[in-house]
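One structure is given here, and the rest of the page talks about it.
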Amino acid sequence: MIKRLNERLNTCFRVSLSISALLLASDAFSESNAELAKKLSNPIASLISAPIQLNYDQNIGPKDEGERYVMNVQPVIPFSLDEDTNVISRTILPIISQDELSPGSGSQSGIGDVVQSVFFSPKAATESGWIWGAGPVALLPTASDEQLGAEKWGLGPTAVVLKQTGGWTGGGVGNHIWSFAGEGKRKDISATFLQPFLAFTTPTALTLTVNSESTYDWKAKDWAIPVNVLATQVLKLGNQTVSAGGGLRYWVDSTDSGPEGLGWRMQLTFLFPK
């Protein structure tokens with residue numbers, strides 16, 4: 001088990017270094033670290049970023065013997081559509097390593113299904129200070145192994161709303177995905193994702209965040225509810241500004257074969273302001 005754990009962490013580390021090497025060629029920029037930290041708390045801020053997020057969960061499967069590492073590569077790219085509207089592309093590409101999620105299932109490693117969101121967002125907040133965006137979300141069956149993905153194409157709406165006051169940022173992201181094509185032997189998808197969040201950013205660019213990344217499966221009529229408590233710090237690595245940190249996750253509720261107890265997250269985000 002220890003040898004397998006080391007092999008997986010080494011693989012994740014090599015992937016992270018490869019991506020880092022490509023990104024570290026960026027030029028320096030002028031926004032303060034605190035301003036950038038606050039923008040990171042806004043999922044639809046006009047800020048190019050490349051988060052690399054490593055998650056660990058345990059006690060998976062009917063016998064609670066499974067474990068899973070998921071490295072999410074999550075580039076965020078905003079575009080100016082016109083003088084009033086931004087378009088923000090948010091991609092989640094999971095790189096997964098898992099073991100014994102069900103009896104006799106063995107180990108699998110590879111790429112999971114991509115989730116692609118596109119938000120259309122007014123550049124100016126409302127008169128009362130609310131920031132919002134909405135658009136489509138798509139599930140793409142890109143998994144390299146049938147046990148790493150749903151083998152379904154999915155589509156649905158997504159939206160985000162938040163407000164920033166002083167160092168505080170509060171709001172939520174949500175989407176719903178229905179499957180419309182794919183492998184007929186796999187179950188259809190009708191799932192709602194909800195991510196309420198509350199963050200506080202200090203003048204020293206330290207951000208403390210609590211959120212939930214909950215999913216309701218309308219087919220199984222079951223919730224999966226993790227609560228994350230995270231701390232991240234914006235800092236410079238040479239000429240490259242990054243946000244680094246992590247924290248713990250506790251599964252308040254889970255599916256019959258889903259994770260239980262404590263998990264953790266580490267995150268490194270490369271920032272590319274205009």
Side-chain angles (χ1 to χ4, degrees), residues 12 15-16 18-20 22-23 40-45 47-57 68-79 87-98 108-121 133-145 147-160 162 171-179 182 189 191-197 209 211-217 224-226 228 230 232 243 245-247 249 258-259 263-272:
C12 291
V15 172
S16 179
S18 299
I19 297 172
S20 301
L22 294 174
L23 295 175
L40 280 176
S41 295
N42 174 2
I44 52 175
L47 172 66
I48 298 175
S49 64
I52 301 171
Q53 181 191 95
L54 178 61
N55 300 276
Y56 172 75
D57 290 302
R68 179 169 54 214
Y69 294 86
V70 180
M71 176 178 284
N72 289 320
V73 181
Q74 302 174 275
V76 179
I77 304 175
F79 303 91
V87 179
I88 299 92
S89 168
R90 296 183 64 90
T91 306
I92 301 177
L93 168 64
I95 302 169
I96 304 169
S97 179
Q98 61 188 30
Q108 300 83 37
S109 296
I111 295 172
D113 291 341
V114 166
V115 176
Q116 175 65 54
S117 301
V118 178
F119 296 91
F120 295 85
S121 175
V137 59
L139 174 68
L140 311 178
T142 55
S144 57
D145 186 291
Q147 296 191 57
L148 299 177
E151 296 188 292
K152 291 287 188 179
W153 293 87
L155 195 63
T158 186
V160 58
L162 66 129
V173 181
N175 68 47
H176 187 92
I177 295 177
W178 292 275
S179 60
I189 296 170
T192 299
F193 172 79
L194 298 172
Q195 185 186 29
F197 56 84
T209 303
N211 68 32
S212 177
E213 298 165 344
S214 302
T215 301
Y216 184 71
D217 184 339
I225 307 176
N228 303 302
L230 308 167
T232 55
S243 172
R249 166 172 41 248
W264 52 258
R265 171 177 296 174
M266 295 188 297
Q267 183 165 310
L268 181 63
T269 302
F270 296 87
L271 308 179
F272 305 94

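Because the structure is predicted, anything quoted here is derived from the model rather than measured. Heavy atoms only: backbone and side chains are in, while hydrogens, waters and symmetry mates are out.
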Any chance you could measure [X], atom [atom1], to [Y], atom [atom2], to the nearest 0.5 Å?
| X | Y | atom1 | atom2 | result |
| --- | --- | --- | --- | --- |
| Arg265 | Asn55 | CZ | CG | 4.5 Å |
| Leu139 | Ile92 | CG | CD1 | 11.0 Å |
| Leu148 | Thr142 | CG | OG1 | 10.0 Å |
| Arg249 | Asp57 | CZ | CG | 4.0 Å |
| Asn228 | Thr209 | CG | OG1 | 9.5 Å |
| Glu151 | Ser179 | CD | OG | 12.5 Å |

Is the side chain of [X] donor-acceptor paired with the backbone N or O of [Y] at a distance under 3.5 Å, no angle test?
| X | Y | answer |
| --- | --- | --- |
| Gln147 | Gln98 | no |
| Thr192 | Tyr216 | no |
| Ser49 | Phe270 | no |
| His176 | Phe193 | no |

Between [Y] and [X], is there a side-chain heavy-atom distance shorter than 4.5 Å?
| X | Y | answer |
| --- | --- | --- |
| Pro78 | Leu47 | no |
| Gln108 | Ile96 | no |
| Pro43 | Phe119 | no |
| Pro136 | Phe120 | yes |
| Leu54 | Trp264 | yes |
| Leu140 | Trp153 | yes |
| Ser212 | Ile225 | yes |
| Leu162 | Phe197 | yes |

Considering non-hydrogen atoms only, spot the tightest contact between [X] and [Y] and give its length.
| X | Y | result |
| --- | --- | --- |
| Pro157 | Val137 | O-CG1, 3.7 Å |
| Pro51 | Gln74 | CD-O, 2.7 Å |
| Ser109 | Ser144 | O-OG, 4.2 Å |
| Asp113 | Gly149 | OD2-CA, 3.3 Å |
| Thr232 | Gly246 | CG2-N, 4.5 Å |
| Gly174 | Thr158 | O-OG1, 2.9 Å |

Side-chain donor-acceptor pair under 3.5 Å between Gln116 and Ser89, yes or no?
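Result is yes, a qualifying pair exists.
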Show your working on side chain to side chain contact (heavy atoms under 4.5 Å, CB included) between Leu40 and Thr269 and close with a plain yes or no.
CA-CA 9 Å; Leu40 280 176; Thr269 302; 4.1 Å; yes
